[in-house]
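Worksheet: one structure, shown below.
Side chains included, hydrogens not; waters and symmetry mates left out as well; all remaining heavy atoms used. Residue numbers start from 1 in every chain, and the chains themselves are labelled A, B, ... in the order their sequence lines are given, proteins ahead of strands.
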Amino acid sequence: MKQEPITIEDFKEFFSKIVRIRTIEQAIAERYHAQEMKCPMHLSIGQEGPAVAISMQLNASDRMLSTHRSHAHYLAKGGNLNMMISEFFGRETGCSGGMGGSMHLIDKSCGFEGATAIVGNTIPIAAGVALSQKLSRTKNITVVCFGEGATEEGVFSETLNIASVKNLPLIFFVENNGYSVYSPLSPRQSSNRHITKISEAHGIKSLKGNGNNIEEALAISSEAVKYVRKKRKPCLIELETYRYLEHCGPNNDDHIGYRTKKEIDFWKSYDVISNAKKAIKELGVSPDSLEKLIQENTKEEIDNAFREATLAPFPKIERSISYEYA
Amino acid sequence: MNMLNKNSVKELKQNKRINNFADGIAAAFFDSMRYDPTVLAFGLGATDPKNIFGTMAGLEDEFGNERVFDTPISENAMTGMAIGLAISGYKPVLTHQRLDFSLLSIDQIVNAAAKWYFMFGGQQSVPLVIRMIIGQGWGQGPTHSQALQSWFAQIPGLKVIMPAFPKDGYNLFRSSIADPNPVIFIEHRWLHQMSWNGEGRVVSPTQLGKSNRVSTGSDITIVSNSIGSVYSHHAANILKKYNVGVEVIDAFNLRDFDINSISKSVAKTGRLLTVDFSHQFCSIGTEIIAQVLPLNFAELKIAPERIALPNFPVGTSFNIEKDFYFSTIDICKKIESMLNVTFPNIDDELKEYQSSSKKRFDGPF
């Protein structure tokens, strides 16, 4: 399929969005210690690239589902920031009414259909969402985001199969950060195993690249979305990336030694924000003033969101009971 | 076996050919799908020549292969896909030929379907029906016969419906499809061949009810479900000859049975027997007794009792099966002992019942 070249505007949009998400996530990490956000928190710092690259190709009627580490996906897809922060604070005004917390984000107004906390859980659900798009003859598509760990679940292969059988307009969006909590790939996946070959074996077009590389992430995402939208067939994308903080929580845990210094240094030197800056500079635009502007705007957004969250009421147990049945 | 030819399918569509419970389920599919284009029907074997014991006969011809389709053997993914459809404006019905097969999809049932409405703060319900069929007899054995309704009944967010009589099969199935929540709809395989002419169907589905009183009496209350209600109803008829009044309440809605009606009945009879087609440990009968005791402690003349299946799996051998399962006979005998009476010539009476009741299930599955 013929690809349009990536424009300077694309680069700037990508850069602005990753800086915004990084700034939000860092603010959450800083304020987490106040112990007002009483829920497990899987931050996306380091992994902003893939989420933004794919979301830039989508519109509000395209739908997305995600997993426990979903802040970047939710924000990139256009999820409401205030409702996300209120959800972390367990307030009635949260995007899930305080019932779900950080691991259960939803904003149906922008097509973010939900993130759930069991690895692999939303993969087949996304197939159903995609099937609904097929049955109602829309031009929209569905993206399901998950980590490389979810490809170890049986339901991943089950869903590849049905997506191929039914020609679903579905993108399997794999972010490979190399770790399941502290477990590296070696005890989990054979070095001869390639995720893209698994999907290819199901007859699914599969693309792989580095999610921290702005050109690669954008080009692959764009190619995949155009393909799925036009051909009405599934596609799989695997983007490598790296999580900077601990699996769950606001801290850096590199001192406990489950990742080598060499590996950490490589990824820190291959940070998506620095990479994007370099790329923009090469196009003759100075990224520093843009970065500063985005950071300042985002800081204002964050302050608002936190203020609103702390003022919002807590849900009562009676309200919780009313959510048992529709 | 329910191989339908083209003519009989046409008749079924027109609701002219309903002979049994299985036809009633097929008719309920037809009527739901005809009036609601968002209803979808799928499951392994849904469109094969046997159409899930005839319960999905003719659907694909009538509604096309986008709405009615066979699936890969991927229970977990199929359940997830059904959930995805349900949160996108469709009303899927997923069928498992055996309840046991659904165990491969517990993550989707418990962590997704049951929780979705709750964990996203009441924004999006999951109007989904999962049909599960419980096998019995002809050596179904340990993993083709499990009656695990208590498992599902303990999960908030799920509704669990177990119809007993064909009319209820039709009506409750339509109500389950119309319900905005995930409903586990459990059919005992033997019910499929129960005769019925289609009388008593509602035109448009009502809200799911709680319980039906199927026999009235003032000596003992039986609370039962599924095939247990059929046996209990038979027992009540047999014991009429002995002037024993058995009140049978078919508590088909397992998480939401009508405790007020049950309590009222127990207040009248002073005796309670639960008949539950599942392992006895943590059974629905156990829950019913736990709820009745504080309400009716003073009126109870004797301790409540339970009839249920043993707390070990059923072996395949025919010789084991016949001792493992209960029937109408066991219910009559239990009532005899609970009332501390002797029914004269009851054995002859039961022998006659046994030979007059329908041919027993003769497989293959």
Side-chain angles (χ1 to χ4, degrees), chain A residues 63 65 83 87 92-101 103-108 113-136 142 144 153-163 165-166 168 170 315 319-326, chain B residues 37-38 40 42 64-67 69-92 94 104-108 110-128 155-159 179-183 208 255-256:
Chain A
R63 300 163 80 185
L65 292 99
M83 291 173 84
E87 188 61 33
E92 216 174 79
T93 51
C95 60
S96 296
M99 298 301 125
M103 293 196 287
H104 302 100
L105 300 181
I106 186 170
D107 188 343
K108 288 176 76 75
E113 291 304 314
T116 68
I118 305 293
V119 172
N121 182 267
T122 46
I123 301 176
I125 299 175
V129 175
L131 180 54
S132 82
Q133 290 168 322
K134 182 185 173 181
L135 293 177
S136 47
T142 298
V144 59
E153 295 283 2
V155 80
F156 168 65
S157 298
E158 290 185 15
T159 311
L160 287 176
N161 179 44
I162 192 67
V165 166
K166 288 214 167 289
L168 299 180
L170 174 61
R319 191 173 173 118
S320 180
I321 292 164
S322 76
Y323 293 144
E324 192 185 350
Y325 292 102
Chain B
T38 68
L40 309 172
F42 53 96
N65 61 11
E66 280 201 335
R67 292 182 68 193
F69 53 90
D70 206 345
T71 69
I73 314 172
S74 307
E75 289 82 2
N76 206 23
M78 289 307 99
T79 308
M81 191 172 84
I83 295 165
L85 287 160
I87 64 169
S88 307
Y90 287 89
K91 290 181 188 148
L94 171 63
L104 286 149
S105 63
I106 289 299
D107 171 50
Q108 289 300 325
V110 178
N111 287 325
K115 299 295 186 299
W116 207 268
Y117 184 71
F118 182 90
M119 71 188 170
F120 294 118
Q123 281 175 74
Q124 177 63 61
S125 63
V126 182
L128 159 70
I155 307 298
L158 296 181
K159 295 191 177 184
D179 196 277
N181 299 286
V183 179
L208 275 170
R255 247 187 93 81
D256 192 20

Self-check item: Nearest atoms (heavy-atom pairs only) where Ile106(A) meets Gln123(B)
Solution: CG2-NE2, 3.3 Å
Quiz item: Which atoms of Asn76(B) come close to chain A, meaning under 4.5 Å heavy atom to heavy atom: side chain ones, backbone ones, both, or neither?
Solution: both
Quiz item: Do you know which of Ser105(B), Pro182(B), Gly122(B) has the most heavy-atom pairs with chain A at a distance under 4.5 angstrom?
Solution: Gly122(B)
Quiz item: Would a 4.5 Å heavy-atom cut-off, applied to side chains only, mark Leu135(A) and Leu85(B) as touching?
Solution: yes
Self-check item: Any Met119(B) side-chain heavy atom under 4.5 Å of Thr116(A) side chain
Solution: yes
Self-check item: Contact class of Arg63(A) relative to chain B, heavy atoms under 4.5 angstrom
Solution: side chain
Quiz item: Is there a side-chain contact between Ser320(A) and Phe118(B), using heavy atoms and a 4.5 Å cut-off?
Solution: yes
Practice problem: Output the option from Leu105(A), Leu168(A), Thr159(A) having the highest count of non-hydrogen pairs under 4.5 Å with chain B. | Solution: Leu105(A)
Quiz item: Out of curiosity, Ile118(A) CD1 to Asn111(B) CG, how far, rounded to the nearest 0.5 Å?
Solution: 4.0 Å
Exercise. State, to 0.1 Å, how close Gln108(B) and Pro124(A) come at their nearest heavy-atom pair, and which atoms those are.
Key: NE2-CG, 3.3 Å
Quiz item: Between Asn161(A) and chain B, which part of the residue has a heavy atom less than 4.5 Å away: side chain, backbone, both or neither?
Solution: side chain
Practice problem: Flag the pair Leu131(A) / Leu40(B) as yes when at least one side-chain heavy-atom distance between them is below 4.5 Å, and no otherwise. | Solution: no
Practice problem: Measure distances from Ile123(A) to the heavy atoms of chain B and classify the residue's part below 4.5 Å as side chain, backbone, both or neither. | Solution: neither
Quiz item: Is it the side chain or the backbone of Ala115(A) that comes within 4.5 Å of chain B heavy atoms, both, or neither?
Solution: backbone
Quiz prompt | Rounded distance [0.5 Å steps], OH in Tyr117(B) versus CE in Met99(A) | solution = 11.5 Å
Quiz item: Which one of Ala326(A), Gly97(A), Gly100(A) has the most heavy-atom pairs closer than 4.5 Å to chain B?
Solution: Ala326(A)
Exercise. Indicate whether any N or O donor in one side chain lies under 3.5 Å from an N or O acceptor in the other, for Gln124(B) and Lys108(A).
Key: yes
Quiz item: For Phe69(B), is the NZ or CZ atom of Lys166(A) found under 6.0 angstrom from the centre of its six-membered ring and inside 45 degrees of the ring axis?
Solution: yes
Practice problem: Under 4.5 Å, counting heavy-atom pairs only, tell me which of Val165(A), Val129(A), Val155(A) racks up the most with chain B. | Solution: Val129(A)
Exercise. Measure the CG-OH distance between Leu208(B) and Tyr325(A) for me, rounded to the nearest 0.5 Å.
Key: 11.0 Å
Quiz item: Just wondering, do Met81(B) and Ile125(A) contact through their side chains at under 4.5 Å, heavy atoms?
Solution: no
Exercise. Name the region of Lys159(B), side chain, backbone, both or neither, that has any atom closer than 4.5 Å to a heavy atom of chain A.
Key: both
Quiz item: With only heavy atoms counted, which part of Thr142(A) is less than 4.5 Å from chain B, the side chain, the backbone, both or neither?
Solution: neither
